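Beneath this line is the structure, given in structure tokens, with notes to follow.
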Amino acid sequence: MRGVVTRARRVVVKVGSSSLTTAAGGLDPERLAALVGALCGGGDREPGREVVLVSSGAIAAGLAPLGLARRPRDLATQQAAASVGQGRLMHAYTEEFGRHGRTVGQVLLTVDDVTRRAHYRNAHRTLRKLLDMRAVPIINENDTVATEEIRFGDNDRLAALVAALVQADLLVLLSDVDALYTGHPSQPGSRKVDEVTDFAQLAEVSVSGAGSAGVGTGGMVTKVEAARIATDAGIPVVLTAAPLAGAALSGEPVGTLFHAGGVRATARLHWLAHATTARGRLHLDAGAVTAVVDRRASLLPAGITRVDGAFTAGDPVDLIDIAGRAVARGLVNYDALELPGLLGRSTGELAATLGPAYEREVIHRDDLVLL
């Protein structure tokens with residue numbers, strides 16, 4: 001038995017579209033019932049264990065009702081399918097969890113919900129309260145309103161980030177493949193990878209894209225990247241097939257176990273590093289790089305030499321050293337149009353000439369993460 005699993009008190013479980021739906025796009029009642037049974041029987045039988053479910057399937061569940069043969073490529077049609085399918089998905093979960101005496105709560109997220117400070121606090125508070133009340137949070141990306149700029153892109157990455165958000169003890173990624181293999185499982189000579197202690201050992205592993213059913217967005221490559229994100233936050237990961245969920249949650253040695261390699265970081269900064277895309281770049285002089293990287297200080301206008309991009313206050317931007325490398329990412333306190341007139345000047349000088357509102361950091365150290 002895997003002690004790291006049996007000791008886990010708070011578990012995030014992610015299930016993909018291909019594990020919940022038919023190839024035609026509709027929800028598969030038997031698969032969904034089996035998953036819920038594993039969570040409430042095999043996975044939730046440990047005293048005091050809390051389970052958070054990150055579930056794909058909204059877009060896939062909306063395909064058949066809208067007469068769509070495959071997952072659409074354009075964002076607007078995806079959003080329409082998600083609008084139809086999300087209600088069907090949550091109704092099915094409500095019914096199945098209800099058979100086990102469990103209440104579920106729907107939480108739909110975008111990147112903005114967990115990178116901007118106030119939104120992050122709200123998301124964290126909601127999830128914490130649901131768990132305190134013994135409800136099962138069911139999380140999905142808010143596909144109906146998410147734009148390309150604020151999309152996670154796949155629920156594997158979302159699950160890894162949610163695991164950091166709720167300070168989970170374990171992340172379980174459920175797929176249509178029972179483990180990570182050195183190549184495609186059907187290829188001769190392909191071997192199962194039982195455990196990963198260092199991602200360098202995966203240098204020779206060939207991972208694939210989305211599944212053949214055409215209803216999901218991920219594949220093994222997104223799951224390995226999600227495992228990297230979670231283990232970097234100090235959270236171990238089990239990757240296996242959905243039918244093996246009960247065995248995995250009970251600690252049986254199924255699938256692939258990724259051992260935690262990092263230390264628990266501030267969840268919000270972990271999100272900033274892994275969930276956001278920089279909207280601009282601030283080029284720093286050598287002194288500012290030293291202050292930010294070595295002393296973990298806030299970024300002041302005096303240390304910035306150039307500004308690239310079109311961003312507004314609160315957006316994520318990358319901090320670039322004199323060699324052109326991104327050394328940190330942070331949430332900027334000024335619009336891109338404001339900054340050029342502030343560069344190279346001290347906050348005291350700016351306050352004296354422009355007013356006290358300008359006596360502030362360009363990026364506060366609490367909103368900075370090193371890359």
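Fair warning: this is a prediction, and the values are worked out from it, not measured in the lab.
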Quiz item: Can Arg2 and Leu257 be said to form a side-chain contact (heavy atoms from CB on, under 4.5 Å), step by step?
Solution: CA-CA 9 Å; Arg2 288 170 170 163; Leu257 172 64; 3.8 Å; yes
Exercise. May I have all residue pairs that pass ring pair (Phe, Tyr, Trp, His ring centres under 6.0 Å) and include part of residues 59-96, sequence neighbours excluded?
Key: none
Quiz item: Under the salt bridge (Lys or Arg N to Asp or Glu O under 4.0 Å) test, which residues partner Arg296, sequence neighbours left out?
Solution: none
Quiz item: Would you say the side-chain atoms of Asp308 and His283 include a donor-acceptor pair closer than 3.5 Å?
Solution: yes
Quiz item: Ser17 side chain to Gly57 main-chain N or O, any donor-acceptor pair under 3.5 Å?
Solution: yes
Practice problem: Kindly give the cluster partners of Leu343, where membership spreads through any ILVMFWY side chain lying under 4.5 Å from a current member. | Solution: Leu282, Leu284, Val289, Val292, Val293, Leu299, Ile304, Val307, Phe311, Val317, Leu319, Val327, Val332, Tyr334, Leu339, Leu342, Leu350, Leu354, Tyr358, Val362, Ile363, Leu368, Leu370
Quiz prompt | Backbone of Arg73 reached by a side-chain donor or acceptor of Gln78 within 3.5 Å | solution = yes
Exercise. Say whether Ser19 and Asp176, considering side chains only, have a donor N or O and an acceptor N or O under 3.5 Å apart.
Key: no
Practice problem: May I ask you to check whether Gln86 and Asn140 show a side-chain donor-acceptor distance below 3.5 Å? | Solution: yes
Quiz item: Do any N or O atoms from the side chain of Arg31 and from the backbone of Ser18 form a donor-acceptor pair under 3.5 angstrom?
Solution: yes
Exercise. Would you please test Arg157 and Glu225 for side-chain contact (heavy atoms from CB on, under 4.5 Å) and show each step?
Key: CA-CA 7 Å; Arg157 185 163 68 123; Glu225 180 57 28; 5.6 Å; no
Quiz prompt | Arg329/Asp318 salt bridge by N-O under 4.0 Å criterion | solution = yes
Practice problem: With rounding to the nearest 0.5 Å, note down the distance linking CG in Leu174 to CG in Leu249. | Solution: 7.0 Å
Exercise. Tell me whether the guanidinium CZ or amine NZ of Arg228 lies under 6.0 angstrom from the six-membered ring centre of Phe199 and within 45° of its axis.
Key: yes
Quiz prompt | Pair Arg279-Thr312, side chain to side chain donor-acceptor pair (under 3.5 Å): steps then yes or no | solution = CA-CA 9 Å; Arg279 308 287 177 83; Thr312 59; over 6 Å; no
